[in-house]
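Right, one structure below, let's go through it.
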2 protein chains.
Amino acid sequence: MVFGSLADTTRRDILRRVAGRELSVGEIAASYDISLAAVSKHLIVLERARLVTKRREGKLQVVEFAPAPLNDAAKHIQRYRDIWESSLDKLEAYLKSQP
Amino acid sequence: MVFGSLADTTRRDILRRVAGRELSVGEIAASYDISLAAVSKHLIVLERARLVTKRREGKLQVVEFAPAPLNDAAKHIQRYRDIWESSLDKLEAYLKSQP
DNA sequence: TATATACTGAACCAAATGGTTCAGTATATG
DNA sequence: CATATACTGAACCATTTGGTTCAGTATATA
């Protein structure tokens with residue numbers, strides 16, 4: 001799930017890096033103090049949320065950013081704001097209708 | 001943290017409801033099969049993320065939606081897309097420069 | 001003042017999360 | 001073929017999370 005994936009600081013940071021350019025799992029892991037296995041698990045989470053894809057390139061696993069789920073997340077957020085806005089509109093209409 | 005708060009289905013649902021109109025803790029809890037205490041805890045999470053505020057009104061605690069942190073979250077998301085777009089632009093420029 | 005209503009805090013529990021290490025697999029290289 | 005590199009899976013551990021129940025507090029009402 002997208003919001004769940006974005007809930008972790010390390011994962012958000014990884015996502016920012018791979019949005020800039022494709023990186024191998026090892027290259028990504030080099031930026032963090034945690035084990036390679038831990039980074040690999042973070043990448044699996046991001047992969048399940050379809051925020052990244054992986055492909056083998058020789059002995060490397062190359063991680064590529066996939067923006068689509070972010071659009072869904074943004075729509076989700078926009079929806080809350082739309083509901084909020086429309087409730088404000090209703091309130092305004094009501095106040096205007098008052099004597 | 002905003003993404004952490006949005007990571008839970010029940011909390012997203014609560015947020016959708018209170019975005020439409022102010023509700024008491026009890027009114028919110030009536031919509032779910034979990035205990036009032038569990039709903040109260042979800043609301044505390046949303047409150048810590050500043051996605052809602054609470055105020056006492058008689059014996060009710062009234063929950064109000066607060067949209068500001070959603071703007072931050074949306075900016076966060078937009079940033080990933082911006083990085084992604086600029087990396088695509090760079091790639092395009094490179095390809096154009098190729099013989 | 002006593003009682004009912006509307007929560008919240010505390011103690012507890014099971015499952016999920018984020019980390020570890022170590023063993024195993026896939027690929028490249030000497 | 002043997003070895004090094006680049007991961008991934010499995011087992012494990014501590015902490016967090018989402019739930020429970022029960023006791024306690026704040027407010028309204030009979």
Side-chain angles (χ1 to χ4, degrees), chain A residues 1-66 69 73 76 80, chain B residues 1-66 69 73 76 80:
Chain A
M1 201 263 146
V2 184
F3 290 119
S5 303
L6 296 177
D8 183 85
T9 311
T10 304
R11 266 182 328 250
R12 284 199 305 278
D13 199 67
I14 290 174
L15 205 59
R16 197 173 45 71
R17 286 172 185 277
V18 298
R21 102 177 148 87
E22 290 184 355
L23 291 168
S24 72
V25 174
E27 282 176 314
I28 294 166
S31 304
Y32 304 97
D33 273 347
I34 57 179
S35 69
L36 178 67
V39 171
S40 175
K41 281 164 90 178
H42 279 308
L43 287 168
I44 288 166
V45 172
L46 290 170
E47 207 177 5
R48 289 220 188 98
R50 301 180 187 284
L51 284 164
V52 304
T53 58
K54 262 183 286 182
R55 64 169 189 279
R56 184 166 280 282
E57 223 163 81
K59 35 179 185 177
L60 302 178
Q61 289 280 358
V62 176
V63 180
E64 185 180 357
F65 178 68
H76 229 283
Y80 295 122
Chain B
M1 200 263 144
V2 184
F3 290 118
S5 303
L6 296 177
D8 183 85
T9 311
T10 303
R11 270 186 319 254
R12 285 199 304 279
D13 199 66
I14 289 173
L15 204 59
R16 196 174 46 71
R17 287 172 185 276
V18 299
R21 101 177 150 86
E22 290 184 356
L23 292 167
S24 72
V25 174
E27 282 176 314
I28 295 166
S31 304
Y32 304 98
D33 273 346
I34 57 179
S35 68
L36 179 67
V39 171
S40 175
K41 280 165 91 177
H42 279 308
L43 288 168
I44 288 166
V45 172
L46 290 171
E47 207 178 5
R48 289 222 187 97
R50 302 179 185 282
L51 284 165
V52 304
T53 58
K54 264 184 285 184
R55 66 169 188 280
R56 184 166 281 282
E57 222 162 81
K59 36 178 185 177
L60 303 179
Q61 289 280 359
V62 176
V63 180
E64 184 180 358
F65 178 69
H76 229 283
Y80 295 122

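Proteins get letters first, then strands, A, B, ... in listed order; numbering begins at 1 in each.
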query: Rounded to whole angstroms, how far apart are CG on B:L43 and C1' on C:dG9?
result: 15 Å
field: C:dT20 phosphate, OP1 or OP2, under 4.0 Å from A:S35 side-chain N/O
entry: yes
message: Expressed as a whole number of angstroms, how long is the span from A:R56:CZ to C:dA26:C1'?
response: 5 Å
field: Out of D:dT8, C:dT8, D:dG19, whichever nucleotide has its closest atom nearest the side chain of B:L36
entry: C:dT8
- request: Decide, yes or no, whether a salt bridge links A:E22 with A:R55 under the criterion of side-chain N to carboxylate O below 4.0 Å.
  value: yes
- line: Applying the 3.5 Å cut-off to both distances, the Watson-Crick or G-U partner of D:dA23 turns out to be C:dT8
task: Can you tell me the distance, in whole Å, between the CD atom of B:E27 and the P atom of C:dA6?
output: 10 Å
query: Rounded to the nearest Å, what distance is computed from the CD1 atom of residue B:I34 to the P atom of nucleotide C:dA14?
result: 19 Å
message: Check whether B:S5 reaches the backbone of B:M1 with its side chain - one donor and one acceptor, N or O, closer than 3.5 Å.
response: yes
message: Can you tell me if A:R11 touches the phosphate of C:dG18, counting only side-chain N or O atoms and a distance under 4.0 Å to OP1 or OP2?
response: yes
message: Strictly distance-based, threshold 3.5 Å: is any side-chain N or O of A:R56 a donor or acceptor partner for the main-chain N or O of A:G58?
response: yes
- request: Could you check how far CG of B:D33 sits from P of D:dT21, rounded to whole Å?
  value: 13 Å
- prompt: So which nucleotide from C:dG19, D:dT20, C:dC7 ends up closest to the side chain of B:V25?
  reply: C:dC7
message: Side chain of B:K41 only, heavy atoms from C-beta on: which candidate in D:dT21, D:dG19, C:dC7 is closest?
response: D:dG19
task: Would you mind telling me which of D:dT8, D:dT20, C:dG19 lies closest to the side-chain atoms of A:Q61?
output: D:dT8
query: OP1 or OP2 of D:dT8 sitting under 4.0 Å from any side-chain N/O of A:K54?
result: yes
field: Among C:dT27, C:dG19, D:dC7, the nucleotide that comes nearest once only the side chain of A:K59 is considered
entry: C:dT27
- prompt: Base, sugar-phosphate alone, or nothing: which one does B:A37 contact when heavy atoms must sit under 4.0 Å apart?
  reply: base
- prompt: If only atom types and distance count, is the side chain of B:R21 paired as donor or acceptor with the main-chain N or O of B:E64 below 3.5 Å?
  reply: no
message: With ring pair (Phe, Tyr, Trp, His ring centres under 6.0 Å) as the rule and sequence neighbours excluded, what pairs involving residues 2-29 of chain A come up?
response: A:F3-A:H76
message: Does a side-chain N or O of A:S24 approach OP1 or OP2 of D:dA6 to a distance below 4.0 Å, or not?
response: no
A:H42 vs C:dG19: side-chain N/O to OP1/OP2 distance below 4.0 Å: yes
query: Does a side-chain N or O from B:S40 land closer than 4.0 Å to OP1 or OP2 of C:dC7, or not?
result: no
